[in-house]
**Student:** 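Below is a structure I'd like to ask you about.
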2 protein chains.
Amino acid sequence: MGNETTRREELLIVAARLFSRKGYHATSMQDIADELNILRGSLYHYIESKEGLLYELMELGIQTLMERVRPIVESDLPPDEKLARLIRQHTITIASYPDFMAVFLHELKSLSPPRRERILAYRQEYDHLVRRILAEGVERGVFRPVDVRVVSFALLGMVNWVYQWYSPDGPLSAEEIGTVFANLVLQGLLDRDDT
Amino acid sequence: MGNETTRREELLIVAARLFSRKGYHATSMQDIADELNILRGSLYHYIESKEGLLYELMELGIQTLMERVRPIVESDLPPDEKLARLIRQHTITIASYPDFMAVFLHELKSLSPPRRERILAYRQEYDHLVRRILAEGVERGVFRPVDVRVVSFALLGMVNWVYQWYSPDGPLSAEEIGTVFANLVLQGLLDRDDT
DNA sequence: CCACCAATCAAACGATTGTTTGGTGCGGTG
DNA sequence: CACCGCACCAAACAATCGTTTGATTGGTGG
């Protein structure tokens, strides 16, 4: 019990770190093997190919994100509360798994078309979750009428960008940052009734 | 007159396109040379090294952005108007030079430390411009009191992300997108006086 | 017509790349 | 004790990488 990381998980973690720091193509199998103190050929005992490894990391990233956000979208909360929670949760998830998330957000173009399509499908599914909340809010008159597509991109840009600058040593926790974001967006979206 | 692109500029444009589509490390000198119909060795008549080429592209990107935004920051407009114009201009610039901007935003880690430092200095200078507007707005009571650092990152994430999804064939022009962004952020920041 | 210069070619360089193959040691199980 | 399979090694592979060198072209100004 306790330290339950298999050798394979170790490999994934090391690879995610290297891919996120140096980039996929700038990281060699040699680099990964060095960190694990084995020869680079030995990596193929655990993985099918370098690109297969990349795909697995990206899938892990997007799946983690989706697992944590979907319950919020499917809850019975009002749209504004849903949106606030989504923004906070997305921010926290990125800050919790920065390496996996950076790889997921950064290396789409490094995948061959078939695998890229699969990740893109995940991504579109996620986009859809966000847009559903926005559309719901606009429909119910909770949010001002806005271009849902553009606002969803604005929102995703804001939260995804976090991987570029967040540091656990910074002055604010991930949750606090998420709250600032949520306040900003909600204040920007809420329909103030000056009746 | 008219078609005044030198061979060297052609090289830069081709390289920016390839770097932005495939990534720096996934693009070989061969790829670039092929597009220009010359041998890869011949490229060194124009450039010092592959990394030098990358640096030049990134410098072009950030300089273009700064040239267009600085006049706004240094103008005499009120903070809210400054911010709106900055957001619009940033959005338009990214949409106008998507290849250069994508390279600038994506390939920092591909530069060796000395050159990376130089680009980082530019980037920090730009961040400073944005924060100055925000701080000014908060000071004058035009904006609500907010965490300037976090809000500046939120804002930059929103506009920088544009390179990931913008298409000139989309339903909205870059200026219209910039206006949606500006409205969202301003509405989120303005101090409503319920006196 | 000669001299020059920019643009390009032709060919080679050592290094590194991802991947494959066949083998080896070892801990546990029947 | 025999065996199995996991984890890894050792060695090689063809290919590609960025870069350098020296020669060669074609056009332009003197």
Side-chain angles (χ1 to χ4, degrees), chain A residues 1 3-59 103 106-116, chain B residues 1 3-59 103 106-116:
Chain A
M1 234 158 270
N3 222 355
E4 197 72 41
T5 45
T6 63
R7 192 79 168 129
R8 182 163 207 282
E9 288 165 346
E10 224 180 314
L11 196 171
L12 296 183
I13 291 170
V14 162
R17 188 174 67 235
L18 289 174
F19 286 173
S20 81
R21 308 241 162 127
K22 314 178 43 172
Y24 171 73
H25 278 106
T27 303
S28 64
M29 300 303 277
Q30 189 73 257
D31 294 334
I32 301 172
D34 285 351
E35 297 257 326
L36 296 168
N37 284 109
I38 56 175
L39 299 188
R40 72 185 193 275
S42 308
L43 293 171
Y44 291 83
H45 192 265
Y46 301 96
I47 61 167
E48 171 226 351
S49 67
K50 191 189 180 189
E51 200 211 313
L53 169 58
L54 174 62
Y55 175 79
E56 200 168 337
L57 298 180
M58 297 186 62
E59 197 176 35
V103 171
H106 226 90
E107 299 290 355
L108 235 198
K109 60 163 75 73
S110 305
L111 286 177
S112 62
R115 287 199 244 242
R116 189 187 314 154
Chain B
M1 234 158 274
N3 222 357
E4 196 73 40
T5 46
T6 64
R7 193 78 167 129
R8 182 163 206 282
E9 288 165 346
E10 223 180 313
L11 196 171
L12 295 183
I13 291 170
V14 163
R17 188 173 67 236
L18 289 174
F19 286 173
S20 82
R21 309 240 162 125
K22 315 176 45 173
Y24 171 73
H25 278 106
T27 304
S28 64
M29 299 304 277
Q30 189 74 258
D31 293 334
I32 300 172
D34 285 350
E35 297 256 324
L36 297 167
N37 284 109
I38 56 177
L39 299 189
R40 73 184 192 275
S42 308
L43 293 172
Y44 290 82
H45 191 260
Y46 300 96
I47 60 167
E48 169 225 353
S49 67
K50 191 189 181 190
E51 201 211 312
L53 168 59
L54 174 63
Y55 175 78
E56 202 168 335
L57 298 179
M58 297 186 64
E59 198 176 35
V103 172
H106 226 89
E107 299 290 355
L108 234 199
K109 61 162 74 75
S110 304
L111 286 177
S112 62
R115 286 199 247 245
R116 190 187 314 154

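Computation of the quantities below employed the complete heavy-atom set of this structure, encompassing side-chain atoms and omitting hydrogens, waters and symmetry-equivalent molecules. No experiment lies behind these values; they were computed from the predicted model shown.
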**Student:** So how far is it from A/M29 CE to A/L39 CG, rounded to the nearest 0.5 Å?
**Tutor:**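 Interatomic distance, A/M29 CE to A/L39 CG, rounded to 0.5 Å: 12.5 Å.
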**Student:** Give a yes or no on whether the backbone of B/L36 and the side-chain of B/R7 come within a donor-acceptor separation of less than 3.5 Å.
**Tutor:**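 Side chain of B/R7 to backbone of B/L36, a donor-acceptor pair under 3.5 Å: yes, one is there.
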**Student:** Please check if the side chain of A/E107 supplies one atom and the backbone of A/L54 the other of a donor-acceptor pair under 3.5 Å.
**Tutor:**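 No, the answer is negative, given that no donor and acceptor are paired below the 3.5 Å cut-off.
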**Student:** Give the B/S/- string for nucleotides 10-23 of chain D, one per nucleotide from 5' to 3', where a protein heavy atom under 4.0 Å of the base yields B, of only the sugar-phosphate yields S, and otherwise -.
**Tutor:** B-B----BBBB---
**Student:** With a 4.0 Å cut-off, would you call A/E48 and A/R115 a salt bridge?
**Tutor:**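 Yes, this pair counts.
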**Student:** Are OP1 or OP2 of D/dA7 and a side-chain N or O of A/R8 less than 4.0 angstrom apart?
**Tutor:**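 No, outside the criterion.
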**Student:** What are the 5'-most and 3'-most nucleotides of DNA chain C lying under 4.0 Å from any heavy atom of chain A?
**Tutor:**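 Contact boundaries, 5' end first: C/dT17 to C/dT20.
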**Student:** Whole angstroms only, please: what is the CG-C1' distance between A/N37 and D/dA7?
**Tutor:**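 Going from A/N37 (CG) to D/dA7 (C1'), I get 14 Å.
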**Student:** With side chains defined as the heavy atoms from C-beta onward, is the minimum distance between B/D31 and B/K22 less than 4.5 Å?
**Tutor:**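 B/D31 vs B/K22: side chains touch.
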**Student:** Under the 6.0 Å and 45° cation-pi test, does B/K50 pair with B/Y24?
**Tutor:**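 The answer is yes; both the distance and angle limits are met.
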**Student:** Is the backbone of A/A33 close enough, under 3.5 Å, to the side chain of A/R40 for a donor and an acceptor to pair up by distance?
**Tutor:**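 Here the side-chain-to-backbone pair does not exist.
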**Student:** Measuring only between side-chain heavy atoms, which start at C-beta, is A/T27 closer than 4.5 Å to A/R21?
**Tutor:**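 Of all side-chain heavy-atom pairs linking A/R21 with A/T27, none is under 4.5 Å.
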